Amino acid sequence: MKANDIQGINELYGAISGAAGNIIITAHIRPDGDAMGSSLAMMRYIRSIGRQAFIIFPDMYPENLGFMVRPSETGFIISAEDDFGQASELFGDAGLVICLDFNRIAENRCGRLASLVGDFGGPRVLIDHHPGPELERFSLAFSETEISSASELLFSILTGMPGIEGDAGKLPDGAGEALFTGMTTDTNNFANSVFPSTFRMASALLEAGVDRDGILQHLYNEYKENRLRILGKMLEEMTITDDGVAYMIMDRRTIGKFGIMEGETEGFVNLPLSVGKVRLSCFLKEDDGFLRVSLRSKKGVSANRCAAEFFNGGGHEQASGGRLYIPGDIRDISEAAAYVERVTHIFMNRNNGQGI
Ligand code: 5GP
Ligand code: MN
């Protein structure tokens, strides 16, 4: 189903307005700006037509995105990791589940919510922009990959709803801001995954009065000093291999020493791509029993395939992620650098160095 499919949009409107119970909105693990922006916009829309909605994230959103949430909304946003009991209860009474910004009902995409979403007996709706969605598990699915973000996809859907009819000025209060924020973070502020439709969305929202300067201020100019300090350290220690692969590894000790919080390393992985010879950038961050891996690539190299084959993950063609298990893939963190060099050497030298 495409975003401009008016029949699909009408079906979604029917499913929301006629839901036999509360509506649950959910998104991927470690919610980012797009997961939050699309979830908040959806909740604001559902409320505006007189229905009740709850957002249940697999785990809590990072502090630096807290500005997106209004104080009156915090009671309607639940982290399943923090309160699985409440999450289960809400699923028990729900009439509709809307899944945003993820493509598979699996533990690595929605954590402990995978069982609640998977076992839910009522209708499930998917609104997502990742390749390879599990369409068969949804009663209604909007899935497009040639689009910047789930927020942009939801923008097309919401502006097609009865009563809004293409006029971004008629979106419910706060929905435009949330969608603009989600699109901005997923495109890295208009640097990647930008399509003609992305500029049309931006233009319509600016015309409707969305305060982009205010959003950018919150997103990019309110970090703590230590974020820049640790970035400096990471860039200084970065390795660039002869295969055109840059990698940086952040261990627990360093994270603790700098007091770095969830969400504060967002964007680090993009920076090595500014070096001409770098075609694939890897950022590894130590977690409990695994290293969290972020991959970014230039056109022609598939970060998605590299993540799927060597890092237990996946994602988009040029922006992907995954995990390196300890023990499992490597014995301890001291082996991470050698692992990355070995597998990326294999990957980048396939098919005449095309990394595909
Ligand atoms: P990030 O590097 O920002 O954490 O993730 C970039 C993209 O990679 C995300 O938008 C998501 O699509 C994908 N991704 C991140 N982690 C995983 C993972 O563990 N599994 C899969 N399948 N995709 C992931
Ligand atoms: Mn997204």
Side-chain angles (χ1 to χ4, degrees), residues 3 26-42 57-59 61-62 64-65 99-111 114 126-134 142-155 178-189 191-195 198 201 219 247-248 250 262-273 280-285 287-297 302-325 328-329:
T26 186
H28 61 77
I29 197 165
R30 288 186 301 112
D32 59 6
D34 190 28
M36 284 190 67
S38 52
S39 298
L40 287 166
M42 193 80 231
F57 289 129
D59 48 6
Y61 54 83
N64 65 316
L65 293 178
C99 300
L100 298 166
D101 200 24
F102 66 96
N103 58 356
R104 304 193 151 257
I105 307 170
E107 218 231 300
N108 65 352
R109 298 314 293 139
C110 40
L126 177 74
I127 300 175
D128 179 51
H129 68 126
H130 293 89
E134 279 183 315
F142 297 85
S143 168
E144 264 186 62
T145 52
E146 299 289 293
I147 197 160
S148 66
S149 52
S151 295
E152 186 187 326
L153 185 50
L154 185 57
F155 170 81
L179 296 172
F180 201 101
T181 309
M183 176 273 289
T184 301
T185 56
D186 255 30
T187 60
N188 190 16
N189 199 9
N192 327 107
S193 318
V194 170
F195 294 83
T198 316
M201 165 193 181
L219 284 176
Y247 67 87
M248 303 186 280
M250 190 183 278
E262 189 62 54
E264 287 187 312
T265 55
E266 195 72 37
F268 284 15
V269 65
N270 296 308
L271 299 171
L273 290 179
L280 177 68
S281 167
C282 315
F283 178 64
L284 288 80
K285 193 172 166 186
D287 207 316
D288 237 350
F290 60 93
L291 288 158
R292 223 186 267 161
V293 182
S294 283
L295 300 180
R296 298 292 184 272
S297 61
S302 174
N304 182 22
R305 249 184 250 186
C306 188
E309 192 168 342
F310 299 109
F311 296 104
N312 308 295
H316 307 281
E317 207 50 15
Q318 258 69 63
S320 293
R323 290 174 174 202
L324 202 54
Y325 289 100
D329 298 310

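Keep in mind that what you see is a predicted model, and the values were worked out from it rather than measured. Order of listing sets the numbers, starting from 1, for every ligand and every atom in it. For reference, positions follow the sequence shown, starting with 1.
- For the ligand labelled ligand 1, residue R296 lies inside the 4.0 Å heavy-atom shell.
- Contact atoms of ligand 1 toward S294: 1 (P), 2 (O), 4 (O) (distance under 4.0 Å to a heavy atom of the residue).
- With hydrogens and angles disregarded, a donor-acceptor distance shorter than 3.5 Å links the side chain of T198 to the backbone of F195.
- The closest protein non-hydrogen atom to atom 20 (N) of ligand 1 is G313 CA, 3.6 Å.
- Two residues are said to be in side-chain contact when any heavy atoms from C-beta on lie closer than 4.5 Å; T185 and L219 meet this criterion.
- For ligand 1, the polar-atom distance check against G321 finds a nitrogen or oxygen pair separated by under 3.5 Å.
- The closest heavy-atom contact to atom 7 (C) of ligand 1, among the options A303, A319, G322, comes from A319.
- Residues that satisfy the side-chain hydrogen bond (donor to acceptor under 3.5 Å, both in side chains) test with N64, not counting sequence neighbours, are absent from this structure.
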May I have the step-by-step check of side-chain contact (heavy atoms from CB on, under 4.5 Å) for L154 and L179, ending in yes or no?
-> CA-CA 8 Å; L154 185 57; L179 296 172; 4.0 Å; yes

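- A donor atom on one side chain and an acceptor atom on the other are not found under 3.5 Å apart for N103 and H129.
- Using a 4.5 Å heavy-atom threshold, the side chains of D59 and P31 count as touching.
- Residue D32 places no N or O, backbone or side chain, under 3.5 Å from any N or O of ligand 1.
- Which parts of ligand 1 touch H316 is read off a 4.0 Å heavy-atom cut-off, strictly below it: atoms 10 (O), 12 (O).
- Nearest-residue assignment for atom 5 (O) of ligand 1 (options S320, A35, A307, A308; heavy-atom criterion): S320.
- L280 has its side chain within reach of C306: a pair of non-hydrogen atoms, C-beta onward, lies under 4.5 Å apart.
- For the pair R323 and ligand 1, no heavy-atom separation below 4.0 Å is found.
- Between the N304 side chain and the G314 main chain, no donor and acceptor come within less than 3.5 Å of each other.
- Here the side chains of D34 and M183 are not in contact, with every heavy-atom distance at 4.5 Å or above.
- Each of the atoms 10 (O), 11 (C), 12 (O) of ligand 1 lies under 4.0 Å from some heavy atom of H130.
- Each of the atoms 12 (O), 13 (C), 23 (N) of ligand 1 lies under 4.0 Å from some heavy atom of G315.
- Screening the protein for N, O or S atoms under 2.8 Å from the Mn ion (ligand 2) yields 4; no waters enter the count.
- In this structure, of C282, G314, A106, A150, the residue bringing a heavy atom nearest to atom 22 (N) of ligand 1 is G314.
- The aromatic rings of H130 and H316 sit parallel, their planes meeting at an angle under 30°, below the 60° perpendicular limit.
- In this structure a side-chain-to-backbone donor-acceptor pair under 3.5 Å is missing from D329 to L324.
- By the 4.0 Å N-to-carboxylate-O rule, R292 lies close enough to E262 to be salt-bridged with it.
- The shortest separation from a heavy atom of R109 to ligand 1 is under 4.0 Å, placing the residue in contact.
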